[in-house]
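First comes the structure, then the notes that go with it.
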Amino acid sequence: MSTSSGPLKGLRVIELAHIMAGPVCGMMLADMGADVIKVEKPTGDDSRRFVPPEIGGEAAAYMMMNRNKRGIALNLKDPEALEVLRRLLAEADVVIENYRKGTMEKLGLSYEELAKVNPRLIYCEISGFGRTGPYADRRGFDLIAQGMAGLMSITGEAPGRPPVKVAAPISDINAGILAAMGVSAAYANVLQTGLGQKVDTSLFEAAIVQTYWQSAIAFATGKKPEPLGSAHPLNAPYQAFQTSDGWINVGAANQSNWERFLGVIGAPELNDDARFASNADRIRNLPALVEILNGYLSQETTETWLDRMEKAALPAGPVNDILQMHADPQARARDMIVELDHPTAGRIETLGQPVKFSRTPGSVERASPRLGEHTREVLSELGFDSAKIDALIQSKAVVAATTSC
């Protein structure tokens, strides 16, 4: 079990989820101290086959999403394996599932059935579109959610070009974060009332809430926002500019920052240009503003500008690639890059916990489980003796990893 001192220490979570949104939720809860038991099918989570790349025969994608968890493998077509799962859920605080609608009901594991045995259970459902509404039966993926939520209509360099997806699977990741938030809120309610409840979120909703600014504009004007590249729809200058050797992000939108910015780049005359007098003026004349500012900023290196802007207390930063982000001293100082020992992959790196707690710090302490790595351990905790566990393995109702690596 988890040895973390995180704020959710003692919370038992059963993760019946695969690939990303559900595993993100489980990972967030595990990072905060919960004992998360990941239940996989006998062939494992599909992300185990997201290769290349792999390290020591283990899929890098699977290892990223499933650290800090214990893992068991059950063949839920087998009645004995289903009984194992029932016993797990009878003692659990939380179950996370992202199966297709109706799957849990067919297994006899609906919230209504489980709540009869375990009224404190928090039943977290993550789906493409939510469990209600006209799209409840549809399958959903990040790409589909991004398109339907309008994100792909506002992402890209300019109007009239092909739609662009946010490169990171933002609806998957955000759905997992929202689910973890919902579970935490439901757990607070359990502590007050003793009763669990359903927590229901979706990729579609997780993508919709990324459009707060653009939706505000559309509600107010009745017009659809369009892609602006790295620019902001409400503030300027607030975007990436080209330097002599790369790119730099500058946030100089409020009037004080704008005036200091002009001093840094040596363009005081722009203070008297009516086109750029206020933020609203700068937004209306953004193409002209960008052309002028690129002319100034392209004369020096990114490092030179960053140094000058730091001295002027101006918000600015480099446009890092992923490897540069991994090496960033702030990311390292905040433990956002951590090392773990994996039994087959060896010493690996992963991303750290993004929320810090002063009294109950969570931690990233366990590498992702091999398929069925903790099957024996968990079954033993449920009261199965060695002979019964051996029989379940022999009948292929469960899968257990060998102890040797």
Side-chain angles (χ1 to χ4, degrees), residues 17-29 46-47 50 61 64-65 96-103 123-186 198-236 238-240 249 283 286 322 351 354-355:
H18 57 282
I19 300 182
M20 199 162 203
V24 167
C25 177
M27 181 176 66
M28 291 287 168
L29 298 175
D46 287 342
S47 65
F50 284 8
M64 177 61 72
M65 305 314 307
I96 305 165
E97 67 95 355
N98 64 350
Y99 293 146
R100 192 173 185 182
K101 186 181 178 183
T103 299
Y123 194 100
C124 180
E125 302 174 307
I126 308 174
S127 58
F129 297 95
R131 295 305 194 196
T132 59
Y135 303 160
D137 291 322
R138 289 191 187 181
R139 296 184 180 221
F141 294 96
D142 172 73
L143 173 68
I144 310 304
Q146 286 199 35
M148 293 181 68
L151 285 178
M152 292 174 65
S153 76
I154 58 173
T155 304
E157 281 300 312
R161 298 187 184 183
V164 176
K165 181 180 80 70
V166 178
I170 194 168
S171 63
D172 269 322
I173 295 169
N174 199 42
I177 295 170
L178 292 176
M181 179 186 72
V183 166
S184 299
K198 278 189 180 182
V199 174
D200 173 8
T201 193
S202 72
L203 275 61
F204 187 43
E205 288 153 307
I208 286 174
V209 298
Q210 300 294 328
T211 72
Y212 284 129
W213 286 142
Q214 286 79 11
S215 287
I217 293 167
F219 288 141
T221 66
K223 298 178 182 179
K224 63 179 183 181
E226 294 184 316
L228 295 169
S230 63
H232 195 285
L234 300 171
N235 294 304
Y238 190 96
Q239 65 184 86
N249 279 323
I283 286 288
L286 187 60
I322 299 299
L351 297 184
V355 181

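Annotation for Ala236 and Ile283: closest pair CB-CD1, 3.9 Å, computed over non-hydrogen atoms.
Within 6.0 Å of CZ in Phe204 there are more than 12 heavy atoms belonging to other residues, nucleotides or ligands.
Considering only residues two or more places apart in sequence or on other chains, Thr201 meets the side chain to side chain donor-acceptor pair (under 3.5 Å) condition with none of them. For Tyr135, the ring pair (Phe, Tyr, Trp, His ring centres under 6.0 Å) partners are Phe129, not counting sequence neighbours.
At least one side-chain heavy atom of Asp142 sits less than 4.5 Å from a side-chain heavy atom of Lys165. Residues Glu205 and Leu178 form no side-chain contact, since every pair of their non-hydrogen atoms from C-beta on lies 4.5 Å or further apart. Taking the side chain as every heavy atom from C-beta outward, Ile126 and Ile96 approach each other to under 4.5 Å. Under the 4.5 Å side-chain criterion, counting only non-hydrogen atoms from C-beta, Pro169 is in contact with Met20.
Remark: the Thr211 side chain and the Gln214 side chain contain no N/O donor-acceptor pair separated by less than 3.5 Å.
When each of Leu228, Asn249, Leu286 is paired with Gln239, the side chain to side chain contact (heavy atoms under 4.5 Å, CB included) condition holds for Leu286 and for no other.
With rounding to the nearest 0.5 Å, the separation of CG in Asn98 from OG1 in Thr103 is 10.0 Å.
Distance alone, capped at 3.5 Å, places no donor-acceptor pair between the Ser47 side chain and the Phe50 backbone.
Among pairs with a residue in residues 136-159, none fulfils ring pair (Phe, Tyr, Trp, His ring centres under 6.0 Å), at least two apart in sequence or across chains.
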